[in-house]
Amino acid sequence: MDLNEAPHAIEAILFVSGESVGVPELAQALGLSEMETMHAVEALQKEYESQTRGIALKRYGDHLKLETRVEYAPYVERLLQPVQRQSLSQAAMETLAVIAYHQPTTKGDVEQVRGVKCDYSVQSLLHKGLIQEVGRKEALGRPILYATTDKFLEHFGISDVRELPPLPVLHSAAPDDEPPLTP
Amino acid sequence: MDLNEAPHAIEAILFVSGESVGVPELAQALGLSEMETMHAVEALQKEYESQTRGIALKRYGDHLKLETRVEYAPYVERLLQPVQRQSLSQAAMETLAVIAYHQPTTKGDVEQVRGVKCDYSVQSLLHKGLIQEVGRKEALGRPILYATTDKFLEHFGISDVRELPPLPVLHSAAPDDEPPLTP
Amino acid sequence: MAIHIRLKQFDGPLDLLLHLIGKAKIDIKDIFVSEITEQFIAVVSGAPDFDLDAASEFVAMAALLVEIKSRALLPKPPKTDEEEDPEQVLIARLTAYKQFKESAQTMSSFEQTALQLYAKLPEEIPLPPPTLEIDGLTLDALWLALRRIAERRPKEEREVDYRLRNIRRDCYTVEGCMEVIQSRLSIGEATFDELFCDVPGREEVVTLFIALLELLKLGKAYVTQGAAFDRIILHPGRRQGFGLE
């Protein structure tokens with residue numbers, strides 16, 4: 001297709017789909033390479049941003065989605081009853097945090113950090129599609145390795161796991177009243 | 001609300017709604033008069049029209065709706081229903097070859113040549129539109145006659161079955177180094 | 001100090017320990033110079049919802065805390081390199097857990113923002129029938145398929161078992177019987193019985209019968225019968241004026 005038309009074809013596709021669409025599927029539908037598709041996506045994204053539009057084009061990993069801008073949420077909520085996604089329980093959130101920062105990682109590792117069994121929360125996160133199995137660890141029992149998904153990014157509104165803030169630095173085992181050893 | 005923001009708040013509401021929304025409801029959600037709302041709608045409409053967007057703002061009486069532009073429908077269809085690529089199995093290719101060279105012919109003939117039952121491959125070729133029924137043979141059981149289709153020609157890039165390459169020389173049942181038995 | 005805490009509020013013993021540390025407003029590393037161990041044991045043993053299954057992790061932690069406390073009362077044995085100090089290990093675990101707990105809170109705030117991003121429901125679109133594209137359709141492939149068949153056949157025929165056996169010639173063929181019936185009908189109607197010889201064999205009966213069915217199907221003959229078990233009469237040609245045939 002004509003590359004100048006691509007951004008608006010993408011807009012139409014994402015509008016109709018409602019849900020997030022993978023870049024490879026989008027490229028195939030347009031008959032473009034993934035590279036060309038991403039260029040068109042970026043052009044469309046710029047267009048949306050240069051005019052503070054009511055909707056924004058969000059990228060979640062390898063998936064794209066049209067969503068309203070957060071500043072218009074009150075108006076949307078006032079008129080419509082949009083489908084509210086559920087927020088996660090504390091246990092699920094903690095499990096997800098360990099997986100997100102340590103990925104790929106095993107259930108055993110999560111249990112080690114949290115100090116409790118995590119079968120239920122891992123199952124529930126898998127079921128919600130926020131984490132996925134990505135292989136097995138070459139260790140005793142070959143435990144399953146888990147990593148976060150693009151749906152995870154979507155749930156937290158970030159394009160990449162690197163957008164998560166770094167783990168907070170805590171004054172741990174090494175007491176801070178002792179000066180650090182310097183040569 | 002700020003009148004400059006109103007067009008984009010309307011865009012956000014129409015986007016989430018997916019259906020047409022009445023001007024009075026919009027005005028209420030925005031906390032504006034209907035007059036002010038209509039001004040904002042017109043501003044939004046101008047914005048949409050000045051750019052060949054993938055979506056269009058349609059007005060039906062005093063109802064508004066966001067719709068995709070028709071010209072992008074084929075891409076949407078291709079996304080939702082990607083073309084399935086398949087290759088023919090060896091068995092199906094053999095059956096197709098026999099039918100192509102012997103057409104019109106019956107399943108029995110194909111089975112005779114291939115030496116195996118061909119029900120499945122004949123069904124699969126019919127389903128793929130590469131062969132079709134062209135009548136019945138005036139023989140015992142009036143078996144169905146099959147022939148290749150125009151789609152067959154199209155796929156093989158020929159305009160007529162006579163363009164098929166000549167049959168390979170077969171080392172057939174009667175070995176040609178033995179003279180045929182004559183009375 | 002009265003503590004009214006339900007174990008169910010906590011995601012495990014580390015969570016409870018962090019809660020107690022937070023309440024006591026002390027640093028994690030000071031946990032063993034405080035009353036935390038006693039408070040922890042008090043909470044676990046006094047828990048109204050004490051259920052060994054659910055609380056086993058809490059009990060294990062209580063045991064560990066007591067062990068660490070009692071070690072502190074004993075003279076320290078000389079340290080070996082491999083031996084990990086359980087106190088330091090626990091402090092490190094608590095520190096790591098606290099990091100993730102705080103990250104989980106940050107993630108919750110991300111989540112709250114993201115929950116306010118609305119999308120629309122997918123449109124319902126009537127789709128055309130799926131298109132199927134077939135790969136590998138080349139004349140070469142077609143030709144090769146034929147070659148494969150050709151090369152396979154002689155081999156298979158060599159595998160035929162050539163033992164001697166008696167083969168009786170088929171005296172009756174369907175085509176032959178069809179001709180017989182048709183020539184009989186060309187001179188007029190016939191009864192079913194008279195098609196057979198006086199002492200018909202099984203092969204004759206079966207073949208003639210199939211031939212007759214074939215003729216009926218081709219519309220070259222039809223049959224009538226006066227009543228059940230009456231004589232079956234054969235007529236040449238297609239039945240006329242018989243509604244739904």
Side-chain angles (χ1 to χ4, degrees), chain B residues 12-19 66-68 73 76-88 90-98 100-101 110 113-116 127-130 138-142 151-152 154-158 163-175, chain C residues 115-160 170 172-179 206-220:
Chain B
I13 290 174
L14 293 179
F15 171 74
V16 177
S17 153
E19 292 165 6
L66 282 186
E67 285 176 6
T68 48
V76 174
E77 283 177 4
R78 258 160 70 187
L79 176 84
L80 299 177
Q81 197 165 72
V83 175
Q84 297 168 33
R85 304 200 73 88
Q86 240 183 329
S87 52
L88 281 189
Q90 190 166 309
M93 188 63 93
E94 287 184 17
T95 300
L96 186 59
V98 177
Y101 281 91
V110 179
V113 175
R114 288 194 55 218
V116 280
H127 180 74
K128 293 188 170 74
L130 294 171
E138 287 301 336
L140 183 63
R142 292 179 38 78
K151 196 168 169 189
F152 167 88
E154 192 183 310
H155 272 296
F156 284 93
I158 52 176
E163 288 174 37
L164 287 174
L167 271 176
V169 182
L170 306 182
H171 326 283
S172 66
Chain C
L115 287 179
Q116 288 180 287
L117 304 177
Y118 295 110
K120 61 187 278 296
L121 288 178
E123 308 271 317
E124 192 181 41
I125 295 176
L127 288 174
T131 41
L132 194 71
E133 267 181 31
I134 307 158
D135 286 332
L137 292 188
T138 63
L139 291 176
D140 282 352
L142 198 66
W143 196 81
L144 281 172
L146 277 180
R147 272 210 76 115
R148 264 198 317 267
I149 302 172
E151 279 162 12
R152 200 167 59 215
R153 293 191 72 203
K155 186 171 144 253
E156 278 169 8
E157 273 161 30
R158 274 200 301 278
E159 286 162 2
V160 171
D170 281 343
Y172 298 91
T173 63
V174 175
E175 287 79 7
C177 290
M178 280 165 71
E179 273 172 38
V206 171
T207 316
L208 255 175
F209 187 63
I210 292 174
L212 178 59
L213 290 179
E214 194 58 32
L215 286 174
L216 295 177
K217 199 161 90 182
L218 293 174
K220 290 180 174 153

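A, B, ... follow the sequence lines: proteins, then strands. Residue 1 opens every chain.
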**Message:** Could you check whether any side-chain N or O of B:T95 sits under 3.5 Å from a backbone N or O of B:A91, counting only pairs where one atom can act as donor and the other as acceptor?
**Reply:** yes
**Fill in**
CD of B:Q90 to CZ of C:R148, rounded to nearest 0.5 Å, is 3.5 Å
**Request:** Mind checking ring pair (Phe, Tyr, Trp, His ring centres under 6.0 Å) for C:Y118 and listing every partner two or more places apart, or none if nothing turns up?
**Result:** none
**Message:** For chain C, which candidate among B:M93, B:E94, B:E138, B:R142 shows the most heavy-atom pairs at distances under 4.5 Å?
**Reply:** B:E94
**Message:** Taking side-chain hydrogen bond (donor to acceptor under 3.5 Å, both in side chains) as the definition, give me every residue that meets it alongside B:E163, ordered by chain and number, with sequence neighbours left out.
**Reply:** B:S159
**Asked** Taking B:L88, B:L140, B:L164 one by one, which has the highest count of heavy-atom pairs under 4.5 Å against chain C?
**Response** B:L140
**Fill in**
When the 4.5 angstrom heavy-atom criterion is applied to C:L218 and chain B, the contacting part is side chain
